[in-house]
Amino acid sequence: MRQSQLLIPTLKENPADAEVISHRLMLRSGLIRQLASGLYTWLPMGLKVIRRIETIVREELERSGVQEVLMPVVQPAELWEETGRWAKMGPELCRLKDRHDRDFCLGPTHEEVITDLFRREVQSYRSLPVNFFQIQTKFRDEVRPRFGVMRAREFTMKDAYSFHLDQACFDATYKEMYDCYSRILTRMGLDFRAVQADSGNIGGDNSHEFHVLAQSGEDTIVFASDGDYAANLEKATAAPPPARSESTEALQRLATPGVRTIEQLVEFTGVEAHRCLKTLIVAGDNGPVALVLRGNDTLNDIKAGKLEGVASPLRMATDAEVRSAVGCAPGSIGPVGLKLPTYVDHYAASVADFVCGANENDVHLTGANWQRDVPLPDASIVDIRTAQEGDPAPHGQGTLRFLRGIEVGHIFQLDRVYSAPMNAAVLDPDGNSIVTIMGCYGMGITRLVAAIIEQNHDDNGICWPEPLSPYDVHVVALNYERSESVQKAANDIEAHLTAAGYSVLLDDRGERPGVKFADADLIGLPHRITVGERGLKEGTVEYRKRTDSDNRNVPVNGVVECLRG
RNA sequence: CGGGGCGUAGCGCAGUCUGGUAGCGCACUUGACUGGGGGUCAAGUGGUCGCAGGUUCAAAUCCUGCCGUCCCGACCA
């Protein structure tokens, strides 16, 4: 392809609106242009990358026995009403009406549509298991689109859905998909981690996210220093704390005027934060609920939101609610004598002789102890703290370490959440109607483009991994327009490379060499062949890998061999 | 949705405080020179100053409202 004929609008300067490196480079190298917040046009080079990603994804999914379909973007409200999501989904579900005033939405996901397809077309256990995928546009009216295509409102997703008669069958497919995702990301040359994840409001223990490691990642992922434990921070848990030691202090009241925060309490009492317990009041299904944590811990609201009786999503009680429920202001609350349903974090439960609020303004208790001063039923001990770096890892696997990651894939068990209300059932061998178990497997195609760039760039631009590059080879012809020898040599090389199966971008523009080199680095094709009169006199051209810093002279007719070697 | 920025030529910005001819760099067009890491000179093209209303002899500039967009906190591929 002639570069002079391609729309590759490179930018010399960083666009003011782009913050993260991948977003900047995608704009600067002419991969995308923004249309509106969270909406992007993919230019020729960007689309090439998407196509190559899709090819890898397709090949591996088909290898895993998943069959491709394509469902509509626009979906009728009736299906969403069947599962209750028409009412449950907030404004992120973009709703619209057709000319007959019927309700539709832009699909943010396709569980309803695929389940509807399945129940209409599949009736026998003999057809199971079955797994469908599509690569298709999704629309989610995100609260805050950001970082370019990393979190866009309209984006391309590969989503797959499987149907099973029983759990064992599902487990096998889940494992297959886990391996499939690992193969896909490995083929792309990405440094990634599969981590245990929170499964959102779906439930079920089977849930893994696939994260591409990058500083700009929106998620914190936690892994064990000496083992294979890895989880999203939302889900991560530390090893249980050591058993509580014996109480040694007597319970005492302590006037603490003006002390509201743990920091102030530590300052005032001289007791370390991990022995000062904080009590948070959150909204519950039947009135407020108290949550007790160590002073040096922070609440994990995902974990807390799942507790029985606690409102989900989690909401902190207002000052007024706290006053009427506890009788004092936030800052002086404590578990002793508290007349509210109470959950105690397992680390807080392991503390003896602790300091806490006395449920009376400006008063705290010291030397407080579980069981002696306040009951601690086993059922109230839960894990609601956010794991900290350095915590002991579960199963004795060393300590917990943190990394940042970009979530590019998520696989999980849907169980019968959709199949039951929509009655996606088949007949088993005995003629019984069995509601199927479903699995769901997502991968963000357009987000992958950004993630790949986050991991493959340098100060000068993108460094495309070979399997994903928009073109394989960049032939940079210097003085192409005016030098017949350069023109002929460049054209010949392009022809030879093409015949050998390489895709070629030939820079035939009338730009000066400096401009061409700068653009070549920015665009970042993995291989660059520089054709100039200087070398041609010696019968050579120059080869340079994008990630190398030096050129290598190769004979004009030895370019294909050079790339193969 | 709460907090904070920003909207002036395709891109990056100055001008706004203190109202008075709409500017700079890059890009783009033409010509000349140049020709291996974003070159030089010359001449050009391109702007309802986000939108609407108001104040004023006069508004990019002051006032009001709205819109767009980005960043920081609750959702998700």
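Computed from heavy atoms alone, side chains included, the values below leave out hydrogens, waters and symmetry copies.
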Sorted by number, the residues of [range] with heavy-atom contact under 4.0 Å to RNA chain B:
| range | result |
| --- | --- |
| residues 437-454 of chain A | Gly444(A), Arg447(A) |
| residues 134-161 of chain A | Arg140(A), Glu142(A), Val143(A), Arg144(A), Pro145(A), Arg146(A), Phe147(A), Met150(A), Arg151(A), Ala152(A), Phe155(A), Met157(A) |
| residues 539-550 of chain A | Glu542(A), Arg544(A) |

Under the ring pair (Phe, Tyr, Trp, His ring centres under 6.0 Å) test, residues paired with Phe170(A) that sit two or more places apart: His164(A), Tyr174(A)
Ring pair (Phe, Tyr, Trp, His ring centres under 6.0 Å) against His457(A), all qualifying residues, sequence neighbours excluded: none
Along RNA chain B (nearest heavy atom to each residue), the more 5'-positioned of Asp301(A) and Asn460(A): Asn460(A)
Gly510(A) or Glu234(A), whichever maps to the more 5' nucleotide of RNA chain B: Gly510(A)
Please check this pair: side chain of [X] against backbone of [Y], looking for a donor-acceptor N/O pair closer than 3.5 Å.
| X | Y | answer |
| --- | --- | --- |
| Gln455(A) | Leu213(A) | yes |
| Arg153(A) | Ala36(A) | no |
| Tyr343(A) | Glu308(A) | yes |

Given the structure, check if the side chain of [X] and the base of [N] hold any donor-acceptor pair shorter than 3.5 Å.
| X | N | result |
| --- | --- | --- |
| Asn479(A) | rG36(B) | no |
| Asp521(A) | rG37(B) | yes |
| Arg512(A) | rG39(B) | yes |

Side chain of Arg534(A) - closest among rC70(B), rC13(B), rG36(B): rG36(B)
Which nucleotide in rG39(B), rG37(B), rU69(B) has an atom nearest any side-chain atom of Gln34(A): rU69(B)
So which nucleotide does [N] pair with, by the Watson-Crick or G-U wobble rule with both distances under 3.5 Å?
| N | value |
| --- | --- |
| rC13(B) | rG23(B) |
| rC6(B) | rG68(B) |
| rG47(B) | none |
| rG31(B) | rC41(B) |
| rC76(B) | none |

Glu263(A) atom CD, over 12 foreign heavy atoms within 6.0 Å: no
Nearest-angstrom distance from the residue atom NE2 of His211(A) to P of rC76(B): 13 Å
Pairwise distance CD(Gln134(A)) to CG(Leu61(A)) - rounded to 0.5 angstrom: 12.0 Å
For the student: nearest non-hydrogen atoms of Lys158(A) and Tyr441(A), plus distance: NZ-O, 3.0 Å
Smallest separation among heavy atoms of Pro467(A) and Arg52(A), with atom names: O-NE, 3.4 Å
Sugar-phosphate only, base, or nothing, as touched by Gly409(A) at under 4.0 Å among non-hydrogen atoms: sugar-phosphate
Sugar-phosphate only, base, or nothing, as touched by Arg24(A) at under 4.0 Å among non-hydrogen atoms: nothing
Under 4.0 angstrom between Ser37(A) side-chain N/O and rG68(B) OP1 or OP2: no
Qualifying residue for side chain to side chain donor-acceptor pair (under 3.5 Å) with Arg385(A), from Asp297(A), Asn296(A), Asn300(A): Asp297(A)
Base versus backbone protein contacts along nucleotides 24-31 of chain B [heavy-atom cut-off under 4.0 Å; B, S, -]: -BSSS---
